[in-house]
There are 2 protein chains.
Amino acid sequence: MGNQKLYKGSLQTIILKLLEEKDKMYGYEITQKVKELTKGELNITEGALYPALHKLEAEGLLDVEVAKVDNRLRKYYKLTENGTKETASKLAEMEEFLRTMQSIVNPKFSLE
Amino acid sequence: MGNQKLYKGSLQTIILKLLEEKDKMYGYEITQKVKELTKGELNITEGALYPALHKLEAEGLLDVEVAKVDNRLRKYYKLTENGTKETASKLAEMEEFLRTMQSIVNPKFSLE
DNA sequence: TGTTATACATAAGAAAATTATGCATATATT
DNA sequence: AATATATGCATAATTTTCTTATGTATAACA
């Protein structure tokens, strides 16, 4: 990929956004969904994902619910009320960031 | 700002892009230019900027030229030949990243 | 004369990732 | 039957990249 490092700092927002769309997801599902959405460009590693999920849970933005499917463990995460608010806020910040970066790397197309 | 952390990983690209536009700039000038371009949203700290410039120089992407203006030191940086190539490459990666993030946070507007 | 602006630099620490490793079950392949 | 790949979780060690704090020095302004 090469540009993986650009995604640094955006993982939390990505997780929250996916959970805003789907209501409840488990870790592995998130990695697959992101791979699909980005056509393979972004591959979330487990070493990044699980600590991020745990942190969001610890901050009270996610609730977790354990399930057993096909004799295998799954941890379903969903937004808390607070998580929903925080998602809106983080998405707004992300959009601002994207606009700003656009205006830097492609000034001509950002006269708005 | 709040969303400063989203810029993590994009500093090199920003520096290179500015130098592609202006030919030669010094550190302090870069911080001011970025502040102006982003309407104060992004404030590059010295602790991030100077190490980044030194690294780009060490990698052979930038040449440095020292000048004395008003009895104060300035270090002007400019792109090397290799730096120009790398800039194009990094800008392409950045644009890909921005497109991808757009498509994640705002799927409706990214059907292109 | 003290504060703000200009101009460089580095060190300590924090945040967020990568890489490596581990455990366990299910499914597909040879 | 054995092996590899996929599913599913987790953590530890390390690296990268930043923030925060600190240092030096000159110029301009109040």
Side-chain angles (χ1 to χ4, degrees), chain A residues 1-16 24-36 38 40-59 61-62 64-77 90 93-94 97 101, chain B residues 1-16 24-36 40-59 62 64-77 90 93-94 97 101:
Chain A
M1 287 338 99
N3 63 342
Q4 287 274 21
K5 88 162 73 132
L6 293 174
Y7 289 91
K8 220 173 249 263
S10 54
L11 179 56
Q12 278 199 7
T13 306
I14 292 173
I15 293 171
L16 294 174
K24 92 180 183 184
M25 295 181 84
Y26 57 100
Y28 186 75
E29 185 186 8
I30 290 174
T31 66
Q32 300 309 300
K33 183 66 180 173
V34 167
K35 199 183 292 185
E36 176 205 325
T38 66
E41 193 194 326
L42 176 55
N43 289 294
I44 297 181
T45 61
E46 297 153 300
L49 178 69
Y50 292 114
L53 287 172
H54 300 162
K55 191 173 178 222
L56 290 169
E57 192 198 344
E59 288 169 352
L61 305 186
L62 299 184
V64 69
E65 175 199 326
V66 178
K68 199 147 195 174
V69 178
D70 287 334
N71 205 34
R72 265 194 305 248
L73 194 73
R74 277 185 191 173
K75 287 196 170 177
Y76 282 97
Y77 291 91
K90 281 207 192 300
E93 282 176 7
M94 175 60 76
F97 162 71
M101 280 308 308
Chain B
M1 287 341 101
N3 63 344
Q4 287 274 18
K5 88 161 71 133
L6 292 174
Y7 289 92
K8 215 173 251 267
S10 55
L11 179 56
Q12 278 198 8
T13 306
I14 292 172
I15 293 171
L16 293 173
K24 92 180 184 186
M25 295 180 85
Y26 58 100
Y28 186 76
E29 184 185 9
I30 291 174
T31 65
Q32 299 309 300
K33 183 68 180 174
V34 168
K35 197 181 294 185
E36 175 205 326
E41 196 196 329
L42 176 57
N43 288 295
I44 298 180
T45 61
E46 297 152 301
L49 177 68
Y50 293 113
L53 287 171
H54 300 162
K55 191 170 178 229
L56 290 170
E57 191 197 345
E59 288 169 352
L62 298 185
V64 68
E65 176 199 324
V66 179
K68 198 146 198 177
V69 178
D70 286 335
N71 204 34
R72 267 195 304 250
L73 194 72
R74 277 186 192 173
K75 287 194 170 179
Y76 281 98
Y77 290 91
K90 281 205 191 302
E93 282 175 6
M94 175 60 77
F97 161 71
M101 280 308 307

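Because only heavy atoms are used, hydrogens play no part in the values below, and waters and symmetry mates are left out as well, while side chains stay in. So you know, we letter chains A, B, ... as the sequences are listed, proteins then strands, and number each from 1.
Take A/K8 and apply the salt bridge (Lys or Arg N to Asp or Glu O under 4.0 Å) test, not counting sequence neighbours, and it matches no residue. Remark: A/E29 engages A/K22 in a side-chain hydrogen bond (donor to acceptor under 3.5 Å, both in side chains) (not counting sequence neighbours). For B/Y77, there are no ring pair (Phe, Tyr, Trp, His ring centres under 6.0 Å) partners two or more places apart in sequence or in a different chain. Take A/V66 and apply the side chain to side chain contact (heavy atoms under 4.5 Å, CB included) test, not counting sequence neighbours, and it matches A/L73, A/K75.
Within the 4.5 Å cutoff, the side chain of B/M94 has no heavy atoms near those of the B/I14 side chain. Put simply, the side chain of A/I15 does not reach to within 4.5 Å of the side chain of A/M25, judged on heavy atoms.
Neither OP1 nor OP2 of C/dA17 sits under 4.0 Å from any side-chain N or O of A/K5. Between A/Y50 and D/dT11 there is no side-chain N or O to OP1 or OP2 distance below 4.0 Å. Remark: B/H54 is not in phosphate contact with C/dC8, judged by side-chain N or O atoms under 4.0 Å from OP1 or OP2.
As a whole-Å value, the separation of A/K75 NZ from D/dT11 P is 8 Å. Atom CZ in B/R74 sits roughly 16 Å away from atom P in D/dT26 (whole-Å rounding). Rounded to an integer number of Å, the gap from CG of B/L73 to C1' of D/dA27 is 15 Å. Distance, A/E29 CD to D/dA6 P: 18 Å, rounded to whole Å. We find that CG of B/L53 is positioned 14 Å from C1' of D/dT17, with the value rounded to whole Å. Rounded to an integer number of Å, the gap from A/L56 CG to C/dA15 P is 15 Å. Distance A/E59 CD to C/dA15 P: 11 Å, rounded to the nearest Å.
Sorted by first and then second residue, the salt bridge (charged side-chain N to carboxylate O under 4.0 Å, His left out) pairs involving residues 45-58 of chain B (not counting sequence neighbours) are B/K55-B/E59.
Residue contacts shown for A/K68 are absent, as no nucleic acid heavy atom lies under 4.0 Å away.
Between B/Q32 and B/P51, the residue anchored closer to the 5' end of DNA chain C is B/Q32, taking for each the nucleotide with the nearest heavy atom. If you find the closest nucleotide of DNA chain D to A/Y76 and to B/Y7, the one lying nearer the 5' end belongs to A/Y76.
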Per-nt protein contacts along nucleotides 18-29 of chain C (heavy atom under 4.0 Å; B base, S backbone sugar-phosphate only, - none) come out as BB-----BS---

